[in-house]
Amino acid sequence: EGVIRSKYSYFADYRFKFLLDKQRIIDHFDPERRQFIQALFNCSPQARTWCQVDFDTLWHQFQGDRARAIAALDYFNEKGWIELESKLMTEVYHVEKAPNISAVVSKLATLFHEKESSDISRIHHLIDFFQSELCLSSRLAHYFGDQAAPTQCGHCSVCRGEIAVLPKCPQPDSNKHLIDGWLTQLEEKARRALTSQLKTKFLCGIATPFFTKIKARTLPGYGQYESTPFKEVKQWVEQTR
């Protein structure tokens with residue numbers, strides 16, 4: 001959408017352990033470089049084996065540049081003097097322009113809704129395929145455009161007379177009083193009215209960033225109908241409220 005541009009990425013966390021004595025590493029360099037390396041090691045507190053690099057302290061106390069410190073650590077690692085580990089990859093972006101938030105949100109909401117519907121539809125197609133009464137190999141071949149494939153392969157489960165029947169999930173009864181109470185607690189926690197779609201995800205235990213934000217998992221109604229079809233739970237929600 002032209003709102004942000006990726007600039008660069010970096011590892012936020014570095015730690016290392018000495019394979020060669022610390023002083024021997026320092027002694028490899030001239031006095032100016034020794035001063036920087038000593039500062040780098042001083043700003044890398046050691047817990048038993050591993051030393052955690054504190055780049056903020058290195059900068060504030062010694063004006064030690066992060067890039068220079070990483071270059072030094074990479075060099076030590078290549079020489080076999082230390083064992084270096086890096087993690088917490090961090091992506092940095094630049095905001096290109098002030099976005100029309102409502103337009104972007106609307107477009108993303110439509111995109112995610114379409115993707116969700118597509119994913120659900122694909123799951124239903126898979127379930128139908130697993131329980132098919134027609135040759136599975138033939139159905140797969142037709143799906144991938146091979147119209148000349150035999151109608152019976154002779155070796156799949158259907159051709160062997162072993163048609164699969166997936167077990168049905170137990171269907172608990174809807175309890176209007178309980179559902180209404182759970183959803184009331186949810187909206188009180190959210191401090192606003194919620195859509196039937198979001199309420200249904202709550203009852204089915206489907207995680208969303210919003211639920212994480214308000215800690216919805218701590219509420220008693222979360223995931224109470226996780227084994228019940230979403231469409232059915234949504235009907236209960238719309239009838240209850």
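These numbers come from the heavy atoms of this one structure, side chains and all, not from hydrogens, waters or symmetry mates. Predicted, not measured: the structure shown is a model, and the values here were computed from it.
For the pair Arg139 and Asp128, the tightest heavy-atom approach, listed with the atom from each and the gap, is NH1-O, 3.7 Å. Closest heavy-atom contact between Cys153 and Cys156: SG-N, 3.3 Å. Summarising the geometry of Ser102 relative to Asn100, their closest heavy-atom pair is OG-OD1, 2.9 Å, with the distance given to 0.1 Å. Ala216 and Tyr222 get closest at one heavy-atom pair: O-CB, 3.7 Å. Among all heavy-atom pairs drawn from Phe29 and Ile37, the shortest one is CD1-CD1, 3.2 Å.
Leu19 has its side chain out of reach of Phe76: every pair of non-hydrogen atoms, C-beta onward, lies at least 4.5 Å apart. Residues Phe16 and Leu73 form a side-chain contact, since some pair of their non-hydrogen atoms from C-beta on lies under 4.5 Å apart. A heavy-atom distance below 4.5 Å is not found between the side chains of Leu203 and Trp236. Proximity of Ile70 to Tyr10: side-chain heavy atoms (C-beta onward) are nowhere separated by under 4.5 Å. Side-chain contact between Lys87 and Met89 is absent, with no heavy-atom pair separated by less than 4.5 Å. You'll find the side chain of Asp146 stays beyond 4.5 Å of the side chain of His142, heavy atoms only. Put simply, the side chain of Lys234 reaches to within 4.5 Å of the side chain of Gln197, judged on heavy atoms. Annotation: side chain of Ser86 is not in contact with side chain of Asp13 (no heavy-atom distance under 4.5 Å).
Just one of Lys189, Arg217, Lys201 meets the side chain to side chain contact (heavy atoms under 4.5 Å, CB included) condition when paired with Phe211; it is Lys201. Residue Asp30 is tested with Arg33, His28, Arg34 for a side-chain hydrogen bond (donor to acceptor under 3.5 Å, both in side chains); the sole match is Arg33. Partner Cys159 forms a side chain to side chain contact (heavy atoms under 4.5 Å, CB included) with one of Ser137, Pro150, Cys135 and no other, that one being Cys135.
Within the model, atoms CZ of Arg122 and CZ of Phe129 stand 15.0 Å from one another, a figure rounded to the nearest 0.5 Å. In this structure, OG1 in Thr57 is found 11.5 Å from CG in Leu40, a value given to the nearest 0.5 Å. In this structure, Asn77 CG and Glu83 CD are separated by 7.5 Å, a value rounded to the nearest 0.5 Å. A distance of 11.0 Å separates CG in Asp56 from CD in Gln61, rounded to the nearest 0.5 Å. Rounding to the nearest 0.5 Å gives a distance of 8.0 Å between CG of Leu84 and CH2 of Trp50. The structure places CD1 of Ile214 at 7.5 Å from OG1 of Thr208, a figure rounded to the nearest 0.5 Å.
With hydrogens and angles disregarded, a donor-acceptor distance shorter than 3.5 Å links the side chain of Gln224 to the backbone of Pro220. Listed for the Asn42 side chain is a donor-acceptor partner under 3.5 Å among the backbone atoms of Gln38. At least one donor-acceptor pair under 3.5 Å links the side chain of Gln63 to the backbone N or O of Trp59. Without hydrogens or angle criteria, Glu238 side chain to Ser196 main chain gives no donor-acceptor distance under 3.5 Å. In this structure, Thr218 contributes its side chain and Lys215 its backbone to a donor-acceptor pair below 3.5 Å. The backbone N or O of Glu114 lies less than 3.5 Å from no partner atom in the side chain of Ser118, so there is not a single donor-acceptor pair. Of the possible donor and acceptor atoms, one in the side chain of Arg160 sits under 3.5 Å from a partner among the backbone N and O of His155. A donor-acceptor pair is defined here as one N or O able to donate and one able to accept, closer than 3.5 Å; such a pair exists between the side chain of Thr90 and the backbone of Leu88. The backbone N or O of Ser106 lies less than 3.5 Å from a partner atom in the side chain of Thr110, making a donor-acceptor pair.
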side-chain contact (heavy atoms from CB on, under 4.5 Å) between Ser157 and Leu136: does it pass, once the steps are laid out?
-> CA-CA 8 Å; Ser157 56; Leu136 302 184; 3.6 Å; yes
Go through the steps to decide whether Lys115 and Asp119 satisfy the test salt bridge (charged side-chain N to carboxylate O under 4.0 Å, His left out), and finish with yes or no.
-> CA-CA 6 Å; Lys115 183 182 184 307; Asp119 289 344; 3.0 Å; yes
Carefully, step by step, assess Phe202 and Leu194 under the rule side-chain contact (heavy atoms from CB on, under 4.5 Å).
-> CA-CA 11 Å; Phe202 170 75; Leu194 302 177; over 6 Å; no
Evaluation steps, side-chain contact (heavy atoms from CB on, under 4.5 Å), between Cys51 and Gln46 = CA-CA 4 Å; Cys51 303; Gln46 186 171 358; 3.6 Å; yes
With side-chain contact (heavy atoms from CB on, under 4.5 Å) as the test, would you mind laying out the steps for Ile179 and Val233 before giving the verdict?
-> CA-CA 10 Å; Ile179 292 175; Val233 177; over 6 Å; no
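At most 12 heavy atoms of other shown residues, nucleotides or ligands fall within 6.0 angstrom of atom CD in Gln35. Around atom CZ of Arg5, more than 12 heavy atoms belonging to other residues, nucleotides or ligands sit under 6.0 Å away. Counting non-hydrogen atoms of other residues, nucleotides and ligands closer than 6.0 Å to NE2 of His177 gives a total of 12 or fewer. No more than 12 heavy atoms of other residues, nucleotides or ligands shown are found within 6.0 angstrom of CD on Gln152. Within 6.0 Å of CD on Glu133 lie no more than 12 heavy atoms contributed by other residues, nucleotides or ligands.
Put simply, Leu111 and Val105 are part of two different groups of oily side chains (I, L, V, M, F, W, Y) that touch within less than 4.5 Å, one to the next. Under a hydrophobic clustering in which Ile, Leu, Val, Met, Phe, Trp and Tyr are joined whenever their side-chain heavy atoms come within less than 4.5 Å, directly or via other members, Val3 and Phe112 fall into the same cluster. Note: the hydrophobic cluster containing Phe210 does not contain Ile206 (ILVMFWY, side chain heavy atoms under 4.5 Å, direct or indirect links). Under the 4.5 Å side-chain heavy-atom criterion for grouping Ile, Leu, Val, Met, Phe, Trp and Tyr, Phe230 is not connected to Ile123 through any hydrophobic cluster. Cluster membership for Val92 and Ile4, using ILVMFWY side-chain heavy atoms within less than 4.5 angstrom, is not shared.
Remark: Arg68 fails to qualify as a cation-pi partner of Phe62 under the 6.0 Å distance and 45° angle criteria applied to the six-membered ring.
The aromatic rings of Tyr14 and Phe11 sit perpendicular, their planes meeting at an angle over 60°, well past the 30° parallel limit. In this pair, Phe41 and Phe18 present their aromatic rings perpendicular. The plane angle is above 60°, beyond the 30 to 60° band.
Using a 4.0 Å cut-off between a side-chain N of Lys or Arg and a carboxylate O of Asp or Glu, Lys199 and Glu187 qualify as a salt bridge.
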